[in-house]
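Here's the structure, in structure tokens; my notes come after.
We use all heavy atoms of the structure for the numbers below, so side chains are in, but hydrogens, waters and symmetry mates are not.
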Amino acid sequence: QAAAEGEEEKDDEPPPAEEAPPPPPKRKRLSKEFREFLFYLLFLAAFGAVVFGPRGADPFFTRSALDQQFLGNDYDKGINYLGTASVSQVWQWIDAIMLPNVYPTAWYNDEPRRGDARRQITDLHNFRLGAARLRALRVKPCTAEHLTSYFQPLLGGDRCYPRYVGECASMASGETTEDTADWVNPHPGDTAGVLPAAIAYQDATATGEAPFFSPHTRISYCAGGQVVDLPSDLANASAVARALWNSTWVDRSVRALLFEVNLYNANTDMVTVLRHCVEMTAEGAIVPSYSVHIAPLLRLTRAVENDGVPM
């Protein structure tokens, strides 16, 4: 009987408690660097949507039209702008291609242009905004002391001109080779009434230009320079260009000559900044390049102000 009672008591004991399962492992939080990387990707996506989303094919075809006019046409037998290889050919291109296309005097059927039609370039769609501009960037002359004594007498006291080092932000501390002096016309009597006796150097604030980065020499040219704004008609603009040629405005100190003009296409509501740059390196090479920047005309601001752009 006692044994039976002991067995009953054992049966009445509760079963041993099961062990609790281990807690699930804690989720690892994303690292700070990874979160910043995700935010950066979101920023790039938003930036790309804003900048490239509204764009269509207009800039591509605008550039194609300008390439056909200013690059594709030969100014000499078999020579176009990109084949320019001497300073004299630079002036040939300006006289035969650039000026007639920017300052046309007649339509394709030789009918004379009148009034505002003269501001249309030869593609019939882009209007010239303001004056076309020639801008020369020079370097300071250096002495020939670094040359061997054998070659110094051969120079006859002439100076040398170094490579262009356009440290534009350091100009105040003199860490640039750019010459900011005025150009003095050596033949003022020959160009009286066409050119001034001197052409002053203008800094970036005065020119309103942006630096130009050459894709070939990898040199960044500052926004200043000696500026000549050409007149608004072909005859006078050509006269100024010829006077600059005759006065040797482009000499051994010039490292870059830029031709700049702004255009507006009312059909596409696009503004174009067209820049041709001919580099004249210290080694003697002629390196032509160009850039075409095309953008809509402040569409977001105009939409807010209801200025020709619907909301």
### Query
For Phe61, does the CZ atom have more than 12 heavy-atom neighbours from other residues, nucleotides or ligands under 6.0 Å away?
no
### Query
Which value, rounded to the nearest 0.5 Å, describes the distance between Asp58 atom CG and Asn265 atom CG?
8.0 Å
### Query
Okay, side chain of Thr248, backbone of Asp251: is any donor-acceptor separation there less than 3.5 Å?
no
### Task
Evaluate the side-chain proximity of Arg63 to Leu66: yes if any heavy-atom separation is below 4.5 Å, no if none is.
no
#### Entry: Ser289 backbone acceptor or donor facing Tyr81 side chain under 3.5 Å
yes
### Message
Test side chain to side chain contact (heavy atoms under 4.5 Å, CB included) on Val228 and Ile199; report intermediate values, then the result.
### Response
CA-CA 8 Å; Val228 176; Ile199 298 177; 3.6 Å; yes
### Task
Find out if a path of hydrophobic residues (ILVMFWY) with successive side-chain heavy-atom gaps under 4.5 Å connects Trp183 to Trp91.
yes
### Message
Using the ring centroid of each side chain, check whether Tyr290 and Phe70 are separated by less than 6.0 Å.
### Response
no
### Task
State the CD-CG distance between Gln92 and Asp74, to the nearest 0.5 angstrom.
11.5 Å
### Message
Rounded to the nearest 0.5 Å, what separates atom CZ in Arg113 from atom CZ in Arg118?
### Response
9.5 Å
### Query
Should Phe213 and Ile219 count as side-chain neighbours, where that means a heavy-atom distance under 4.5 Å?
no
### Task
Is it possible for you to say whether Val287 and Leu257 belong to one hydrophobic cluster, with membership spreading through side-chain heavy-atom contacts below 4.5 Å?
no
## Note on the structure
For Ala200 and Asp182, the nearest pair of non-hydrogen atoms, with its separation, is CA-OD1, 3.2 Å
### Query
When you look at Leu137 and Val254, which way does the side chain to side chain contact (heavy atoms under 4.5 Å, CB included) test go after all the steps?
CA-CA 6 Å; Leu137 291 96; Val254 172; over 6 Å; no
### Task
Indicate whether any N or O donor in one side chain lies under 3.5 Å from an N or O acceptor in the other, for Thr84 and Gln89.
no
### Query
Are the charged groups of Asp229 and Arg133 less than 4.0 angstrom apart, N to O?
yes
#### Entry: Side-chain heavy atoms of Phe37 within contact of Leu42, under 4.5 Å
no
### Message
Using 0.5 Å steps for rounding, measure from the CG atom of Leu195 to the CG atom of Leu244.
### Response
4.5 Å
### Query
Can you list the steps and then say if Arg138 with Tyr201 is a side chain to side chain contact (heavy atoms under 4.5 Å, CB included)?
CA-CA 10 Å; Arg138 302 177 185 273; Tyr201 175 88; over 6 Å; no
### Task
First locate atom CD1 of Ile286, then atom OG of Ser88, and finally report the distance between them rounded to the nearest 0.5 Å.
9.0 Å
### Pair Gln226, Arg135: side-chain N/O donor-acceptor within cut-off below 3.5 Å
no
### Message
If you compare all heavy atoms of Pro104 against all heavy atoms of Thr122, which two are closest, and at what distance to 0.1 Å?
### Response
CB-CG2, 3.8 Å
### Message
Walk me through whether Gln202 and Thr207 qualify under side chain to side chain donor-acceptor pair (under 3.5 Å).
### Response
CA-CA 6 Å; Gln202 299 182 27; Thr207 63; 5.9 Å; no
### Query
Are the side chains of Trp107 and Leu124 in touch, meaning some heavy atoms are under 4.5 Å apart?
yes
### Message
Are the side chains of Asn101 and Leu99 in contact, using a 4.5 Å heavy-atom criterion?
### Response
no
### Task
Would you check if there is a donor-acceptor pair between the side chains of Thr281 and Glu283 at a distance under 3.5 Å?
yes
#### Entry: Exam field: side chain Ser214 to backbone His216, donor-acceptor pair closer than 3.5 Å
yes
### Query
Are Ile97 and Leu71 linked, directly or through other ILVMFWY residues, by side chains that come within less than 4.5 angstrom of each other?
yes
### Message
So which atom in Arg275 and which in Ala210 form the shortest heavy-atom distance, rounded to 0.1 Å?
### Response
NH2-O, 2.6 Å
### Query
To the nearest 0.5 Å, how far apart are CD1 in Ile294 and OG1 in Thr62?
4.5 Å
### Task
Give a yes or no on whether the backbone of Val102 and the side-chain of Arg128 come within a donor-acceptor separation of less than 3.5 Å.
yes
#### Entry: Shortest non-hydrogen separation from Pro162 to Val139 and the atoms involved
O-CG2, 3.7 Å
### Query
If two hydrophobic side chains count as joined below 4.5 Å and joins carry through other members, does Tyr75 share a cluster with Leu82?
yes
### Query
Hey, are the side chains of His276 and Pro288 touching, using non-hydrogen atoms and a 4.5 Å cut-off?
no
### Query
Any idea which heavy atoms bring Val165 and Thr177 closest together, and the distance?
N-OG1, 2.7 Å
### Task
Heavy atoms only: give me the nearest Ala204-Ala223 pair and the separation to one decimal.
CB-CB, 3.6 Å
### Message
Using the rule that Ile, Leu, Val, Met, Phe, Trp and Tyr join whenever any side-chain heavy atoms are under 4.5 Å apart, tell me whether Val240 and Met98 fall into a single cluster.
### Response
yes
#### Entry: Side-chain (Asp76) to main-chain (Ile79) donor-acceptor, under 3.5 angstrom
no
### Message
Glu178 vs Arg255, test: salt bridge (Lys or Arg N to Asp or Glu O under 4.0 Å). Steps then yes/no.
### Response
CA-CA 9 Å; Glu178 187 174 23; Arg255 287 289 168 262; over 6 Å; no
### Query
Is there side-chain contact between Ile121 and Gln69, with heavy atoms separated by less than 4.5 Å?
yes
### Query
Cut-off 3.5 Å, side chains only: do Asp269 and Tyr264 have a donor facing an acceptor?
yes
### Flag side-chain contact, heavy atom, 4.5 Å: Thr180 against Lys140
no
